Asks: 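Below is a structure I'd like to ask you about.
We number each residue from 1, following the sequence as shown. Treat the numbers as computed from the prediction; the structure is a model and nothing was measured. Whatever order the structure lists ligands and atoms in, that order sets their numbers, starting from 1.
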Amino acid sequence: MEYKNVFFQKEDKVAVITISRPKALNALNTETLKELELAIDEIANDDQIYAVIITGAGKAFVAGADISEMKDLDAMGGRKFGNLGNSVFRKLETLEKPVIAAVNGFALGGGCELSMACDIRIASSKAKFGQPEAGLGITPGFGGTQRLARLVGTGMAKQLLFTAEIINAEEALRIGLVNKVVEPENLIEEAKLLAKKIVSNAPIAVKLCKTAINRGMQMDIDTALIYEAEIFGACFATEDQKSGMTAFLEKSEKCFKNK
Ligand code: CAA
């Protein structure tokens, strides 16, 4: 399959995915979702990539699912489109590498949902967030009813969904939807700095931290702590644990091998 709307480049162990569909402010149609899925698969299979940044080209991150594609769908078609978005975003959320959303502009509907399927969100001060679906006669369909409530709490999620209100980056920061707000010209650099910090740590440990948080959040605390002990134990079977602790004790340079 050829990439038309999704581009990615590799730089120092970090892949940067850019969604670029200028005529529709990067709105996600079936074609773009499938390209995004392909990019995620390629990244999953590339042992040289340890972290991922997702951003959008132009003034939008992603302005939502494609309204012109959705307009004439029937119930079956709507469900199929929702399932496609959900499966691609879930693949991203469970990718065994950390993913940073560098939100450059409009992150509405499916765009806000895409950012929420990432592990960390950094926003440009020009970014705008919202779930405007109720104003279009639908509910969010790519995870928005679930991930927004988990991220910002049910009260704030309900307010945003019921009102279809669009909020700015500062408000997104205040409610905990994004981790940091930066000047637009610094966005990609900040995301890369963060990615660089992450990839300087042991990749297996980072991957297991992601899995432990994601899976643990679905469990009761006792089961989650048993799960944590399992993966904590598994770390001691890695070369990187031995070399990381040795480097600390010997005050030498750490050098992780992803083993
Ligand atoms: N789908 C399809 N096309 C879209 C789009 C979308 N989500 N968002 C923008 N576009 C198109 C516009 O139709 C327009 O196309 P034309 O030039 O052919 O008219 C082009 O992109 C530029 O958009 P605007 O002229 O509207 O740009 P603007 O700067 O005036 O406004 C905006 C920007 C506020 C983001 C506005 O485009 C907008 O409100 N977009 C829709 C946002 C939205 O409702 N998203 C949710 C979609 S539903 C969803 O995502 C469901 C789900 O959960 C799966």
Asks: Consider only side-chain heavy atoms of I, L, V, M, F, W and Y, link residues closer than 4.5 Å, and tell whether F129 and I166 are in one cluster.
Replies: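 No.
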
Asks: With hydrophobic residues grouped by side-chain heavy-atom distances under 4.5 Å, do V62 and F8 end up in a single group?
Replies: yes

Asks: Could you tell me whether K242 and E239 make a salt bridge, using a distance below 4.0 angstrom between a side-chain N and a carboxylate O?
Replies: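 Looking at E239 together with K242, the answer is no, because their closest N to O distance does not fall below 4.0 Å.
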
Asks: Please tabulate, one line per pair, the protein nitrogen or oxygen atoms found under 3.5 angstrom from a nitrogen or oxygen of ligand 1, with distances to 0.1 Å, or say none if there are no such pairs.
Replies:
residue	atom	partner	partner atom	Å
ligand 1	1 (N)	I67	N	2.9
ligand 1	7 (N)	A63	O	3.0
ligand 1	7 (N)	A65	O	3.0
ligand 1	21 (O)	K23	O	3.4
ligand 1	29 (O)	K59	NZ	2.5
ligand 1	45 (N)	A63	O	2.9
ligand 1	50 (O)	A65	N	2.8
ligand 1	50 (O)	G110	N	2.8
ligand 1	53 (O)	E113	OE1	2.7
ligand 1	53 (O)	E113	OE2	3.4
ligand 1	53 (O)	E133	OE2	2.7
ligand 1	53 (O)	G141	N	3.0

Asks: So among I122, L187, T18, I188, which one has a side chain to side chain contact (heavy atoms under 4.5 Å, CB included) with N104?
Replies: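 Checked I122, L187, T18, I188 against N104; only one passes side chain to side chain contact (heavy atoms under 4.5 Å, CB included): L187.
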
Asks: Quick one: do the E31 and N5 side chains pair a donor with an acceptor below 3.5 Å?
Replies: yes

Asks: Is the closest side-chain donor-acceptor distance between T32 and N29 under 3.5 Å?
Replies: yes

